[in-house]
Amino acid sequence: MSLRRRLRDSGRLSPDVVDVLIAVAVFVTVLLPLLMGGGPGTELRLDVSAVSVVLLTLGCVVLAFRRRALWPAWAASTVIGVAACLEAGGPTPVYVPAVIALATVATRAPTRRTAWAATASALLPMVVIVVVSGRGLIDSFALGMTPWTAAAAMAGIAIRNQRAAVAVALDRALAAEAHQDEEAQRRVAEERLRIARDLHDVVAHHISVINVQSGVAQHVLSSNPVRAAEALGHVREASQTVLDEVPALLGLLRTTEEPEPTAPTPTLEAASALVERVRRSGLDVTMHTTGRPSVLSVGADLAAYRVLQESLTNAARHGTGQAEISVRHDPDGCTVTVRNPRAPTDPSAAEPPRHGLVGMTERVTASGGTMTAGPHGHDWVVDVWLPAEVSSKGGS
């Protein structure tokens, strides 16, 4: 809690202290008319007496406990106020504590119970005044306390309704804030997942190339320096690509602003260049393309490229050094199949890591496609179908 908030809270009075101050204020406010008298020509008896002061004191004491004991305080203050009307022979300001207690009831109790309490607070002094004064019920003198009780009840109900409206608005604001927090957390999780996929797709592929080519360079360094130099060139090219890609991805973790793209998003059209780089790294790859290329969405085109990249990386790391790619286009979409022989020494080692398969599956599913990956005889086969854009289907 901040210092400013602590100072603000320390300046607030407790509810009990506020109730005591209100009771004292009511006592002083009611006592002044009693001390000054009713004035010439009035029927109200405002003469101060010991009994009226005692009743006023009791009513104000009870009023100080109206929040702790709502209904007992209202009942006790009403009885004291009726006794004051009996002692005064008519309406009297000593009934004010009972009116304030009724207003407190109206702010907390249901409307039906408040109506019963207001009726009792109006009828009891009316009956006493009629009996004592001998006047009829339809008389302004007998009805002197009724406007007070009605006004107190309506004011309390209005305050209760306002508090309920404020509470509903606050609940809605809190719910909206919670929803915004959940939405922000969901977007952060999705962004982290996307960054993790890109890191895996980019880094894993090129690190695999670096690993293979560095092994080739080490093997032929003394016997074939030219071949070793060529392998080291591939190592340098792959490492430079990693150095170019990783800082851009890591920059997303340091800022909340959407970065401007610095390079074209890789698509299936770049598959030939990808295959050529993989061939230079030592993997024997054959690629066959059939059909008229269909228009894929940006996400589907990127997913096809990443799946192809990941599949070739897995083939180089876990296979026998060969891979076959088949790309089939049709009006409904595109099918990409990557097949590579599994290592005969340890078939289990030919299975790619699970997180790589999960990442590929998530990319394809997010683009509306389907994917299967697993052993098929002596080969490991990845088969992916991605849908064409709706406009492309309609145009074809």
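Worth knowing before you read on, the calculation uses all heavy atoms, side chains too, and leaves out hydrogens, waters and symmetry mates. What you see is a predicted model; the values in this text were computed from it and never measured.
A heavy-atom distance below 4.5 Å is found between the side chains of Val26 and Ile100. Looking only at side-chain heavy atoms (C-beta outward), Glu324 and His288 come within less than 4.5 Å of each other. Taking 4.5 Å as the limit, every side-chain heavy atom of Arg292 sits out of range of all side-chain heavy atoms of His329. Contact check for Val128 versus Leu124: no side-chain heavy atoms found under the 4.5 Å cut-off.
Under the side-chain hydrogen bond (donor to acceptor under 3.5 Å, both in side chains) criterion, the residue pairs touching residues 160-180 are Thr111-Arg160, with sequence neighbours excluded.
In this structure, the separation between CE on Met287 and CG on Leu312 is 9.0 Å, given to the nearest 0.5 Å.
Look at Arg279 and Asp284 and you find no salt bridge, because none of the NZ, NE, NH1 or NH2 atoms lies under 4.0 Å from a carboxylate O. A salt bridge is absent between Arg342 and Asp379; no separation between the charged side-chain nitrogens and carboxylate oxygens falls under 4.0 Å.
With sequence neighbours excluded, the residues that form a side-chain contact (heavy atoms from CB on, under 4.5 Å) with Thr335 are Arg328, Thr337, Asp383, Trp385. Take Trp71 and apply the ring pair (Phe, Tyr, Trp, His ring centres under 6.0 Å) test, not counting sequence neighbours, and it matches Trp74.
Across all non-hydrogen atoms, the minimal contact from Leu386 to Ala304 is CD1-CB, 3.5 Å. The two residues Cys334 and Leu268 make their nearest non-hydrogen contact at SG-CD2, 3.7 Å. Closest approach of Leu63 and Pro97 over heavy atoms only: CD1-O, 3.5 Å.
Donor-acceptor pairing under 3.5 Å is recorded for the side chains of Ser52 and Ser49.
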